[in-house]
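Naming convention: chains lettered A, B, ... in sequence-line order (proteins, then strands); numbering from 1 in each chain.
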There are 2 protein chains.
Amino acid sequence: MPKAAARKPPRATVGRPRKEHARPDARNLILDAAEALFSTRGFDGVTIREVTALANVDTALAHYYFTTKQGLFDAVLERRAEEVFAERMAAFDRYEAEAGKHVTIEGAVGAFLSPLLQRARTGGVGWKNYFRLLSVVNNDPMHVAPSVLLYFDPLVHRLVNVLKKALPEASVADLYWCFQFLTGSLTLALSRTGRIDRLSSGLCHSDDLAAIEPRLIEYCASGIRCVCAKPRKTTPARPGAHESRTGQNR
Amino acid sequence: MPKAAARKPPRATVGRPRKEHARPDARNLILDAAEALFSTRGFDGVTIREVTALANVDTALAHYYFTTKQGLFDAVLERRAEEVFAERMAAFDRYEAEAGKHVTIEGAVGAFLSPLLQRARTGGVGWKNYFRLLSVVNNDPMHVAPSVLLYFDPLVHRLVNVLKKALPEASVADLYWCFQFLTGSLTLALSRTGRIDRLSSGLCHSDDLAAIEPRLIEYCASGIRCVCAKPRKTTPARPGAHESRTGQNR
DNA sequence: GTCTATAACTGGATAGAC
DNA sequence: GTCTATCCAGTTATAGAC
């Protein structure tokens with residue numbers, strides 16, 4: 001079983017080569033096709049034959065490179081994972097260096113979201129498919145290899161830690177709840193189902209990430225501020241509407 | 001092809017019978033099993049044989065009642081759709097009657113979310129599975145019949161209309177964007193993947209809907225207020241960081 | 001590395017007895 | 001309404017030629 005990491009050829013030059021797709025090999029053709037199909041129909045909705053047909057290669061090649069369907073799926077997720085991870089971590093580094101002690105919620109949320117959304121907006125179709133695939137696996141963790149989580153979980157902890165600087169009083173539980181709300185919104189934004197197009201009668205387009213990014217950052221930051229600023233110790237309140245006294249003390 | 005609606009026997013009494021599951025017939029056994037399996041693995045991740053095995057009935061029965069796998073899937077979605085729809089519409093009626101001209105964002109969001117979350121919290125395992133299934137189809141509209149959308153789209157329009165009363169200045173597009181953020185958070189909350197449990201080291205539990213409901217309502221309402229209060233016509237701004245001055249007015 | 005051929009199996013669906 | 005038996009298209013995966 002060939003290790004995926006061992007297959008990447010070393011870069012002769014620094015920086016991003018302008019067009020690496022001069023002559024894509026079969027392996028990358030398969031990955032591209034799989035990325036496109038898995039991202040729209042999920043693991044079980046796609047057959048290897050469809051993937052290889054879209055890639056215009058023989059079916060057996062997929063098994064040659066990836067052994068199993070699950071191996072192919074893992075390889076698709078892993079192909080861009082490290083690059084995304086590094087970019088997002090760098091965004092946090094940059095932001096923390098520039099903000100110093102004056103960390104804002106908007107800044108933290110922006111550092112978390114912007115690298116993703118910018119790549120999803122400006123990247124090629126492969127990147128767009130990749131991010132949609134991320135949103136697929138976020139709701140269906142069934143087929144995601146544990147190793148892939150190492151590229152995503154640390155970013156969540158980093159976000160929570162930076163947020164804690166901006167909101168020293170906030171309970172950690174509230175911060176994680178807010179993260180879940182945030183990532184749910186992000187997931188739906190990246191999945192681009194087109195539902196919002198229909199609902200809004202064409203006012204909004206689900207792939208208009210340029211419209212989504214500023215709104216999403218403001219939206220989440222404001223929500224975090226509100227939830228985390230509210231003392232959550234004892235809220236007996238009146239049991240009228242949705243004011244359930246949660247008693248979730250820290 | 002038997003129409004699903006024609007199959008429902010007429011109710012002899014009004015109101016909801018306390019225990020209709022005294023002796024569940026095969027049809028409902030199949031629906032229960034399908035609900036449980038589809039909600040965790042999606043349409044393509046489940047076989048009819050698995051469903052009927054879980055229901056302890058013969059495989060051919062599923063085809064007898066629902067003709068095709070897609071028919072079974074549709075029937076699962078439709079079984080509880082009308083009840084949920086009526087309950088959520090009634091929540092809006094109640095809220096609008098009680099609020100009169102003083103509609104709040106929290107009130108509108110609560111009317112939209114609370115009926116769902118309360119049923120997801122207090123209902124039986126069938127209801128929990130059903131709501132998880134809703135979150136599955138929200139990210140994968142591939143297999144959802146157009147007829148089912150009639151139970152959900154009107155509620156979105158209703159939410160937007162009520163929100164517009166609370167925010168007369170808001171642009172309709174912003175309101176729909178906010179709805180998308182909201183429904184993304186809701187979707188992830190209902191899918192209960194357990195990811196937040198791991199990330200928070202056990203501080204949060206993804207099926208703790210009692211903790212989620214008040215936070216989610218506050219979070220979304222605050223985000224809506226922020227996004228919709230901000231004038232969005234021309235935003236050249238400075239292309240620096242993402243430090244949007246939050247202007248949390250109101 | 002790539003392709004042909006095929007093994008081994010599983011899926012949805014149906015005919016027809018009871 | 002329920003079950004037995006089966007069809008057959010399509011699936012992953014592999015062996016082996018080139």
Side-chain angles (χ1 to χ4, degrees), chain A residues 1-4 6-9 21-38 40-77 79 142-143 145, chain B residues 1-9 20-38 40-77 79 140 142-145:
Chain A
M1 176 131 71
K3 200 75 200 86
R7 206 165 275 282
K8 198 187 299 180
H21 288 273
R23 182 65 185 97
D25 53 3
R27 188 174 193 273
N28 273 319
L29 286 175
I30 295 171
L31 285 174
D32 289 339
E35 195 170 52
L37 292 174
F38 282 140
T40 57
R41 303 214 289 270
F43 182 83
D44 296 301
V46 174
T47 68
I48 292 190
R49 293 162 125 91
E50 286 177 290
V51 171
T52 52
L54 181 61
N56 260 312
V57 303
D58 191 273
T59 307
L61 266 191
H63 289 103
Y64 171 74
Y65 282 114
F66 308 104
T67 313
T68 66
K69 184 181 177 183
Q70 181 66 53
L72 170 58
F73 190 78
D74 295 344
V76 171
L77 276 180
R79 177 167 58 153
M142 187 84 74
H143 297 283
Chain B
M1 175 130 78
K3 202 74 200 87
R7 207 165 274 282
K8 196 187 300 178
E20 210 169 23
H21 287 273
R23 181 66 186 96
D25 52 4
R27 187 173 192 274
N28 273 319
L29 285 175
I30 295 170
L31 285 174
D32 289 340
E35 196 170 52
L37 292 175
F38 282 140
T40 56
R41 303 214 290 270
F43 182 83
D44 296 301
V46 174
T47 68
I48 293 190
R49 295 167 131 91
E50 285 178 290
V51 171
T52 51
L54 182 60
N56 262 312
V57 302
D58 191 90
T59 308
L61 267 190
H63 288 103
Y64 171 74
Y65 281 114
F66 308 104
T67 314
T68 65
K69 185 182 178 182
Q70 181 66 53
L72 170 58
F73 190 78
D74 296 344
V76 171
L77 276 179
R79 178 166 58 153
D140 166 35
M142 188 85 74
H143 298 284
V144 55

Residues in side-chain hydrogen bond (donor to acceptor under 3.5 Å, both in side chains) contact with A:E50, at least two apart in sequence or another chain: A:R41, A:T47
Between [N] atom [atom2] and [X] atom [atom1], what is the distance in whole Å?
{"X": "B:L72", "N": "C:dG12", "atom1": "CG", "atom2": "P", "result": "10 Å"}
{"X": "B:R49", "N": "C:dG11", "atom1": "CZ", "atom2": "P", "result": "6 Å"}
{"X": "B:I48", "N": "D:dG10", "atom1": "CD1", "atom2": "C1'", "result": "15 Å"}
{"X": "A:I30", "N": "C:dG1", "atom1": "CD1", "atom2": "C1'", "result": "11 Å"}
{"X": "B:D58", "N": "C:dA15", "atom1": "CG", "atom2": "C1'", "result": "14 Å"}

What are the two closest non-hydrogen atoms of A:T52 and A:D58, and how far apart are they? CG2-O, 3.6 Å
At under 4.0 Å, does any side-chain N or O of B:H63 touch on OP1 or OP2 of C:dA13? yes
Should B:Y64 be listed as having a side-chain N or O under 4.0 Å from OP1 or OP2 of D:dC3? no
Of the nucleotides [options], which one has an atom closest to the side chain of [X]?
{"X": "B:L61", "options": "C:dT2, C:dT4, D:dT2", "value": "D:dT2"}
{"X": "B:Y65", "options": "C:dT2, D:dG1, C:dT4", "value": "D:dG1"}
{"X": "B:T47", "options": "D:dC3, C:dG11, D:dT14", "value": "C:dG11"}

One should read off an interatomic distance between A:F66 CZ and A:L61 CG, to the nearest 0.5 angstrom, of 9.5 Å
Which is true for B:V46 with a 4.0 Å heavy-atom rule: it touches a base, it touches only sugar-phosphate, or it touches nothing? sugar-phosphate
Would you mind classifying the nucleic acid contact of B:T59 as base, sugar-phosphate or nothing, using non-hydrogen atoms under 4.0 angstrom? nothing
Backbone N/O of B:A62 and side chain of B:K69: donor-acceptor pair under 3.5 Å: no
